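What follows is a set of notes on a single structure, which appears directly below.
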Amino acid sequence: STKTQVLNLARSTGAATFSSSVTAGGNILGASIIMTPVTANPSSTSPALYQPATGELGINVNGSERIRIASTGAATFSSSVSATSFFEVSDKTQKTLIQDNVIINGIENILAKTYIKDNKEEIGYFAQDLQGVLDSSINMGENGLLSLSYRQVHTAKISSLEFRVKELEKKLMKYEA
């Protein structure tokens, strides 16, 4: 039988590269990953598949945990994740509409920042800046660190901009008349 590699895990960094799309419905749900368990001690330099806790799966590389998959299906990666595409389940049959055309008060005051993270300059937001503005975009990990749904932040910012553009177009139409 022929095996196709769908996940490449870099030994030095823990960066994961998928050769097929990864679908996220709250957590990562991916294509099947075929792996051969390694019986080496997880602290060795050999890649090791192990069980860090009941119902969890871990992958250690060079003595460091690189991937942990919880019994809920949530996956934690110690580095970047690259794929040819990412999709989230967004079917309206899976959602309950709360409000149409929502404008998040204060989202226009959230400004992008440049900062250093993992010895690399990046642009983005601090999760703490969204507290009290868009709480649903923030998640606290088991380690106490906050993570941010950039999809939610960007959607809120786009919605705010769409509203502002419509208001400006109305004003412009009055001046042209």
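Everything quoted here is computed from the prediction, not taken from an experiment.
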How about [X]: does its [atom1] atom have over 12 heavy atoms from other parts shown lying under 6.0 Å from it?
X: Asn143; atom1: CG; result: yes
X: Leu97; atom1: CG; result: yes
X: Asp118; atom1: CG; result: no

Heavy-atom side-chain contact between Arg68 and Ser78 under 4.5 Å: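 Arg68 does not reach Ser78 side chain to side chain.
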
Just verifying a value: how many Å separate [X] [atom1] and [Y] [atom2], rounded to the nearest 0.5 Å?
X: Lys174; Y: Lys170; atom1: NZ; atom2: NZ; value: 8.5 Å
X: Gln131; Y: Ser137; atom1: CD; atom2: OG; value: 9.5 Å
X: Ile69; Y: Ile59; atom1: CD1; atom2: CD1; value: 6.0 Å

Summary of ring pair (Phe, Tyr, Trp, His ring centres under 6.0 Å) pairs that have at least one residue in residues 99-123, sequence neighbours excluded: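 Passing the test, one end in residues 99-123: Tyr115-Phe126.
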
So which atom in [X] and which in [Y] form the shortest heavy-atom distance, rounded to 0.1 Å?
X: Ile110; Y: Lys157; value: O-NZ, 2.8 Å
X: Glu56; Y: Ser71; value: CG-N, 4.2 Å
X: Leu146; Y: Ala127; value: CB-CB, 3.7 Å
X: Phe86; Y: Ser82; value: CZ-C, 4.5 Å
X: Leu148; Y: Leu130; value: CD1-CG, 4.1 Å

Donor-acceptor contact below 3.5 Å, side chain Tyr150 vs main chain Tyr125: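 It does hold such a pair.
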
Check: Ala156 main-chain N/O paired with Ser160 side-chain donor or acceptor under 3.5 Å: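 Looks like no, no N/O pair under 3.5 Å.
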
Results of side-chain contact (heavy atoms from CB on, under 4.5 Å) for Ser136 - residues two or more places apart only: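 Ser136: side-chain contact (heavy atoms from CB on, under 4.5 Å) contacts with Leu134, Gln152.
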
Determine, using the 4.5 Å side-chain heavy-atom cutoff (strictly less than), whether [X] and [Y] are members of one ILVMFWY cluster.
X: Met140; Y: Val153; answer: yes
X: Leu168; Y: Ile158; answer: no
X: Val102; Y: Ile138; answer: yes

Donor-acceptor side-chain pairing of Ser64 and Asn62 below 3.5 angstrom: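 Not at all, the side chains of Ser64 and Asn62 share no donor-acceptor pair under 3.5 Å.
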
